[in-house]
Protein chains: 2
Amino acid sequence: MTPLPTLRQLQFFMSLVRRESFSKAAEECFVSQSTLSSAIKEMETLLDQRLVDRSTRTFALTPSGEEVATRAPAILAATEDLARAASGRRPLEGAFHLGVIPTIAPFILPRAAVRLHNAYPKLELFLREDLTAALADRLAAGLIDAALLAFPYDLPGIEIIEIGDDPFWFACDADHAFAKRRKLAKEDLGECDLLLLEDGHCLREHAIDACDLSERGGKASFDGTSLFTLAQMTRSGLGATLLPEMAIKQGLAKSVGLVAIPFTKPAPSRKIGVAWRKGSGRGEEAKAIADVIKEIFATSK
Amino acid sequence: MTPLPTLRQLQFFMSLVRRESFSKAAEECFVSQSTLSSAIKEMETLLDQRLVDRSTRTFALTPSGEEVATRAPAILAATEDLARAASGRRPLEGAFHLGVIPTIAPFILPRAAVRLHNAYPKLELFLREDLTAALADRLAAGLIDAALLAFPYDLPGIEIIEIGDDPFWFACDADHAFAKRRKLAKEDLGECDLLLLEDGHCLREHAIDACDLSERGGKASFDGTSLFTLAQMTRSGLGATLLPEMAIKQGLAKSVGLVAIPFTKPAPSRKIGVAWRKGSGRGEEAKAIADVIKEIFATSK
DNA sequence: TTTTTGTAATCGAATTTATCGATCGAATTT
DNA sequence: AAATTCGATCGATAAATTCGATTACAAAAA
């Protein structure tokens, strides 16, 4: 039988791939750098192949490394699903209606739907994409069981479990004055016009609040209706915009040819979480679903 | 993050499921019974669920145990494929023509094809099902690169790597005189008529040789053309037959309502292996393919 | 150039974990 | 009742993992 790498090694490796740094990955995995370093090395010995190219300054995987990076996530996900399915096993059967806002849905849901099905085969997931306000109404009316939203957002009578922090990135055309910058401070934004989503999208408010922007008039709020059209419009030279990291990491900026620039810490951000109506009896299920989404969110950084 | 069971634990568990015995499984895994026992226990603690029902005398899995037993093989297979794909990585690209005999093909190939594709995505596998003699000719002519055959079989100029031992089982209708027996010795066979595959199938020769049967005349060689029809005919009260274990384990006897009875050790058996033409240059690839098939063969016992 | 900084490899000690053999108790079989 | 089989458990021992400290190296800054 072929000797197998450890799941732990695969976790370390995937963290390494994500963070592109041994020490950062070690931090993420709550182990010392030496531990992670030797774990990777041992895996390389086992497979008899280099996985990471240490010769160049920039982080790079070898072909074998790419191979592992491609396959490992499915293995880890399947094992997590196994653990979930075999353990405590909340009900999580039958219909569950989940609302999601448009600035999250396309970047999380495709993978989440698969994972949820694997973890809870008997779960029938119904999805509804809508703005926060509309989802809150539906939540209150009991039309949906839970909602994947961005915060802060005042929602009385609602319980929330946090998924994580989603920082904003600055995105602009290659011709833009900031295009060559490696980092930006939010104070820099005072100088330039920004395209934002039309009113009603919480992303707009969150961006304005987080970056201390005033509600400035003028073309600054040209108003796109989705992050894809927004990115497209920005590309057409209409200015710059702010995009959530989860969209960046899914390749939104790259796919339309935009330059994406992170902010200096503390980076402005919105919070992502799952909400449900207090006393709806669906809290446990919502938490279980949040757990799966949290996994996906964490591993797509 | 959910704590994960170890691959090792999953391996132990699957071995336990296969062997239906802690000590047998421990033996198979080359560890002591106490080691395996505590590994299973630890996994149960981790998942906070019993996986094996120890209350009854007969081996039984709990629902959670079934869940794990269903999911674990895919995880282990995927990890093995990862290791194979990332390591040494022989060519194994492009076309590869593999011959398989009819008494093996249906019980191994479905899974083998999937695994081979995962392990070697660039491999294009072409299959040909035929009798040993025909495959040997094709091998010699270079029309196929390797063949999955049963042995012994005299094949000059051919190299072989062994996959494993495939014991014969006695299979009969519930009305048969032997139907209630738990075990049989091959000497018992002298008394009864046996249905065998028609001439040309090596399985026929192997069964006769292994069980010290003479070429008796009469209805004893009614002659089926495939194991499925053979099993069907046996079910129709035409007698009893000998089936290879790989077919039994795939449920062939059960699916047609036959009683399957193992032989006392040393059980009569045929050997399974992969053959290729000496000097064909395809030896390494054949070995790699044999490795994958070996996995499947071992885990389907 | 030299210094500084960030990054990864390495070493040795301490700890944790895994493994084994022996033994025990419960359930079956003889 | 005695013998057998099977799995759980215990304590000693061997093996591994882990960490912190240190070293080595390369790029960036002075």
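This is a predicted model, so every value here is computed, not measured.
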### Query
For the base of D:dG7, is there a side-chain donor-acceptor partner from B:Ser34 under 3.5 Å away?
no

### Message
Does B:Ser64 form a side-chain hydrogen bond (donor to acceptor under 3.5 Å, both in side chains) with B:Thr62? I'd like the steps, not just the answer.
### Response
CA-CA 5 Å; B:Ser64 286; B:Thr62 64; 4.8 Å; no

### Query
Atom NZ of A:Lys24 to atom C1' of C:dT7: distance rounded to whole Å?
10 Å

### Query
Out of D:dG7, C:dC20, C:dT7, which nucleotide sits closest to the side chain of A:Ser23?
C:dT7

#### Entry: Spacing of B:Asp53 atom CG relative to D:dC6 atom C1', expressed in whole Å
15 Å

#### Entry: Pair partner, C:dT30 [Watson-Crick or wobble, under 3.5 Å]
D:dA1

### Query
Any side-chain N or O of B:Arg8 less than 4.0 Å from the OP1 or OP2 oxygen of C:dT17?
no

#### Entry: B:Glu27 CD - D:dC6 C1' separation (whole Å)
14 Å

#### Entry: Counterpart base for C:dT19, defined by Watson-Crick or G-U wobble contacts under 3.5 Å
D:dA12

## Note on the structure
B:Ile40 CD1 to C:dT19 C1', in whole Å, measures 15 Å

### Query
Does B:Arg19 make a side-chain N or O approach to OP1 or OP2 of D:dG7 shorter than 4.0 Å?
no

#### Entry: A:Ser32 side-chain proximity, nearest of D:dC19, C:dA9, D:dT9
D:dC19

### Message
By nearest heavy atom, map B:Gln33 and B:Ser38 onto DNA chain C; which one lands nearer the 5' end?
### Response
B:Ser38

### Query
Roughly how many Å is it from CD in A:Glu20 to P in C:dG6, rounded to a whole number?
18 Å

### Query
Can you tell me if CD on B:Gln250 sees more than 12 non-hydrogen neighbours from other groups inside 6.0 Å?
yes

### Task
Scan A:Gln9 against the nucleic acid and name what it touches under 4.0 Å (heavy atoms): base, sugar-phosphate only, or nothing.
nothing

### Task
Taking only the side-chain heavy atoms of A:Glu42 (C-beta and beyond), determine which of D:dG7, D:dT18, D:dT17 contains the nearest atom.
D:dT17

## Note on the structure
For B:Ala240 and B:His176 the tightest heavy-atom approach is CB-NE2, 3.8 Å

### Check ion pair A:Glu20-A:Lys24 (N to O, under 4.0 angstrom)
no

### Task
May I have the distance from A:Phe59 (atom CZ) to C:dG6 (atom C1'), rounded to whole angstrom?
16 Å

#### Entry: Partner of B:Arg84 under side chain to side chain contact (heavy atoms under 4.5 Å, CB included), chosen from B:Asp291, B:Thr79, B:Asn118, B:Leu116
B:Asp291

### Task
For D:dT9, take OP1 and OP2 only and decide whether either is under 4.0 Å from a side-chain N or O of B:Lys41.
yes

### Query
Rounded to the Å, how far apart are B:Gln11 CD and C:dT19 P?
11 Å

### Query
Counting side-chain heavy atoms from CB outward, which of C:dC20, C:dA8, D:dG20 is closest to A:Ser21?
C:dA8

### Query
Rounded to the nearest Å, what distance is computed from the CZ atom of residue A:Phe13 to the P atom of nucleotide C:dA8?
13 Å

